[in-house]
Amino acid sequence: MTDFTTARPFAHEDVAHWDIETEVAIVGFGASGASAAIEAARAGARTTIFEMGSGSGGASALSGGEIYVGGGTDVQQAAGFDDSVEALEAYLMMAGGPDADAAKVSLYARESLAHFQWLKDQGVPYKGTFVPGKIIEPETDDTLIWSGSEEAWPFSEKSRPAPRGHVIQHMGWGGGRRLVDVLEAKARELGVEVRCDARVLSLVADRDGAVTGLVVKIDNKPQFVRASRGVVLCTGGFCMNQDMLRRYAPEALRLSDPIGENDNGSGILMGMGAGGDAIHMDQFFTTCPWIMPPSLVYGIIVNERGQRFINEDCYHGRVSRTMIDQPGGRVFLLADNAIFERPFELSRIEIAAVGETWEEVEQELGMVEGTLAATVHTFNRYAAEGHDPVYRKHPQWLKVLNEGPFVALELNFSESFFSFFTLGGLNTLPTGEVLDSAGRAVLGLYAAGRATSGLPRWGHGYSSGMSLADCTFFGRQAGKQAATAGTATLVEAAE
């Protein structure tokens, strides 16, 4: 029996016959795969989606349906926010970290308004209303929320703050399922063929390294799929592949709540096997929903040595990711009686210590005398003056923590709810071509979404909505490029 493996492509020359023929083959049917399919079909290419599950979805369908767009959308303007392309670009460059992809950021910022209109043109509904405050997802069907660190230092120093999280009109959490349904309907309307329960076993490539098709397991037997213009990998990340986490992102092994659906890294491995370069594989997003209720943002967070390490008014995911960098396996959220409310039950955040003074809390936690108490007293001294010179927490979130009793809430990496997903993946051009380690395109191979290292590529800079922004926008670019600049002539020459 032939051995098919994601680690290397099957030889084009060894394909006896093609069972299925298409022009653009898309692997994965989440938001990135659907967006790629829509654009490929609109460009006139015969397009087929192969999905290993029994229907569309992926991690996109598990999300809140929130997309990070800005630059002055009609929703932003109606809510009174003056955003600009320049401010959006500056924020995305900071959020992308030390190796932000300037080309992708610039393209997305320039096209953000057009992309928002594209989403609406596909039928994605937006109510158009703004919800103030710090929230993770609106429980109502409203649209615009603050979804990142826009108002927090250091981001606010380099980019004029504006809310940019645009959420699909949907009551309650989990609007991602509706978003995928809308995109799926549009793809099918355009004639895209969908093959579910179809697990891709391997890419097919010719002697020159050009990707020419797929080997797909359908009805429990391998089928050879010719993709005359190209293959687009939209398979998600690798948060559910323990071997890949051990190899590439071992810090994520401290967390136990991956967000994904079949996010096993198969597309990344196939792309690497075909010569693609995978970058930033150590990067991941994580969050524990400690900002629910938002009154706790007035508190301060310390590590096991009693030290603060970040301004707590940052995006909850940035704060949570920075927790992983601290010594020990737990951190503590400190609150006084005035701001204390029971944390959101899902977070699995428990009370670790209570005291009438901060010294009593310090002692109950078993910390060295004069550590935690000194941290709180220093914070309180400056908070009383209306500023935070140590971490520059915004004055609107400053409160002197002096109304006892006092409490330390424990966030424990092995027990609290720290959801996570990976951010590393294949290196691609803004137009979706997968690049090798020398920066050359792997002919016939494209990728989008979490199978790539895209806009969200730094766990400390992630903001809600960036993944869906990245996968829908750059899924579109990949589908369009595959359809219009495919490798049909290379396939014919190989035969």
Side-chain angles (χ1 to χ4, degrees), residues 59 63-64 66 68 91-100 134 136-137 146-156 165 237-239 245 248-260 263 279-292 296-297 299-304 307-333 343-344 346-349 391-393 409-425 450 453-467 470:
S63 74
E66 179 181 340
Y68 200 90
Y91 182 82
L92 291 174
M93 284 298 294
M94 290 188 72
D99 188 41
K134 278 191 177 292
I136 293 178
E137 291 180 34
W146 292 96
S147 66
S149 298
E150 297 87 0
E151 291 187 295
W153 180 85
F155 300 90
S156 59
F238 60 95
C239 64
L245 289 176
Y248 299 113
E251 284 292 306
L253 291 170
R254 302 172 68 185
L255 312 171
S256 57
D257 296 286
I259 302 177
D263 280 47
I279 61 173
H280 301 299
M281 294 288 280
D282 61 324
Q283 290 297 320
F284 60 93
F285 159 89
T286 186
T287 195
C288 183
W290 64 272
I291 69 167
M292 300 175 65
L296 294 176
V297 179
I300 61 175
I301 297 175
V302 299
N303 59 27
E304 289 186 343
Q307 303 163 326
R308 282 180 79 205
F309 49 86
I310 196 169
N311 43 323
E312 297 84 2
D313 59 329
C314 283
Y315 171 64
H316 55 87
R318 174 175 167 83
V319 176
S320 298
R321 177 62 188 85
T322 309
M323 292 178 188
I324 305 297
D325 301 331
Q326 304 308 305
R330 55 187 185 159
V331 297
F332 301 99
L333 172 56
F344 185 44
L346 175 67
S347 66
R348 304 197 295 268
I349 296 174
Y391 285 104
R392 307 190 196 184
K393 189 173 185 176
L409 297 164
E410 180 177 328
L411 290 82
N412 189 306
F413 303 138
S414 61
E415 297 173 7
S416 300
F417 181 79
F418 278 85
S419 59
F420 76 99
F421 51 77
T422 54
L423 297 174
R450 286 194 191 143
S453 179
L455 287 179
R457 63 199 312 172
W458 187 46
H460 298 76
Y462 190 88
S463 299
S464 288
M466 281 188 180
S467 284
D470 180 75

Asker: Has R308 got its NZ or CZ under 6.0 Å from the middle of the six-membered ring of Y391, at an angle within 45 degrees of the ring axis?
Answerer: no

Asker: Drop me the distance from Q283's CD to D99's CG, to the nearest 0.5 angstrom.
Answerer: 10.0 Å

Asker: Residues in salt bridge (Lys or Arg N to Asp or Glu O under 4.0 Å) with E150, at least two apart?
Answerer: none

Asker: With the side chain counted from C-beta on, respond yes when N311 and R392 share a heavy-atom pair under 4.5 Å apart, and no when they do not.
Answerer: no

Asker: To the nearest 0.5 Å, what is the distance between OG on S63 and CD on E137?
Answerer: 7.5 Å

Asker: Please list, chain by chain and in numerical order, all residues satisfying side-chain contact (heavy atoms from CB on, under 4.5 Å) with I324, sequence neighbours excluded.
Answerer: E251, R254, L255, F284, T286, R321, F413

Asker: Atom OH in Y68, atom OG in S467: separation rounded to 0.5 Å?
Answerer: 13.0 Å

Asker: How long is the straight-line distance from CG of D325 back to NE2 of H460, given to the nearest 0.5 Å?
Answerer: 3.5 Å

Asker: Side-chain contact, heavy-atom cut-off 4.5 Å: Y91 with S463?
Answerer: yes

Asker: Mind checking whether I301 and F309 have side chains closer than 4.5 Å, heavy atoms only?
Answerer: yes

Asker: Looking only at heavy atoms, which two atoms of C239 and L245 are closest? And how far apart?
Answerer: O-CD1, 3.4 Å

Asker: For E151, give me all partners under side-chain hydrogen bond (donor to acceptor under 3.5 Å, both in side chains), at least two apart in sequence or on another chain.
Answerer: none

Asker: A side-chain contact here means heavy atoms from C-beta on lying under 4.5 Å apart; do M323 and F418 qualify?
Answerer: yes

Asker: Test your reading of the model: is there a side-chain donor-acceptor pair from K134 to the backbone of H316, 3.5 Å cut-off?
Answerer: no

Asker: What pair of heavy atoms forms the shortest contact from S416 to E410, and how long is it?
Answerer: OG-O, 3.9 Å

Asker: Any sub-3.5 Å donor-acceptor pair from T422's side-chain atoms to F238's backbone N or O?
Answerer: yes

Asker: Which label fits Y462 and F421: parallel for a plane angle under 30°, tilted from 30 to 60°, or perpendicular past 60°?
Answerer: perpendicular

Asker: Please give me the minimum heavy-atom distance between N303 and F332, naming the atom from each residue.
Answerer: O-CD1, 4.1 Å

Asker: Check whether any side-chain heavy atom of L333 sits under 4.5 Å from a side-chain heavy atom of I349, and report yes or no.
Answerer: no

Asker: Taking the side chain as every heavy atom from C-beta outward, state whether E304 and R330 have any pair of such atoms under 4.5 Å apart.
Answerer: yes

Asker: Verify, without hydrogens or angle tests, whether D313 (side chain) and A152 (backbone) share a donor-acceptor contact under 3.5 angstrom.
Answerer: no

Asker: Give the minimum heavy-atom separation between A95 and G461, together with the two atoms involved.
Answerer: CB-O, 3.1 Å

Asker: List the residues meeting salt bridge (Lys or Arg N to Asp or Glu O under 4.0 Å) with R348, not counting sequence neighbours, and say none if there are none.
Answerer: D257

Asker: Partners of P289 by side-chain contact (heavy atoms from CB on, under 4.5 Å), sequence neighbours excluded?
Answerer: I136, M292, F344, S347, F417

Asker: List the residues meeting side-chain contact (heavy atoms from CB on, under 4.5 Å) with S453, not counting sequence neighbours, and say none if there are none.
Answerer: I279, H280, R457

Asker: As an exercise, state the distance from CD of E312 to CG of L296, rounded to the nearest 0.5 Å.
Answerer: 11.5 Å

Asker: Considering non-hydrogen atoms only, spot the tightest contact between S149 and R318 and give its length.
Answerer: OG-CD, 3.8 Å

Asker: What closest approach, in Å, do E66 and S147 show between heavy atoms, and which atom pair accounts for it?
Answerer: OE2-CB, 2.7 Å

Asker: Less than 3.5 Å apart, any donor N or O on the side chain of S464 or Y315 sitting next to an acceptor on the other?
Answerer: yes

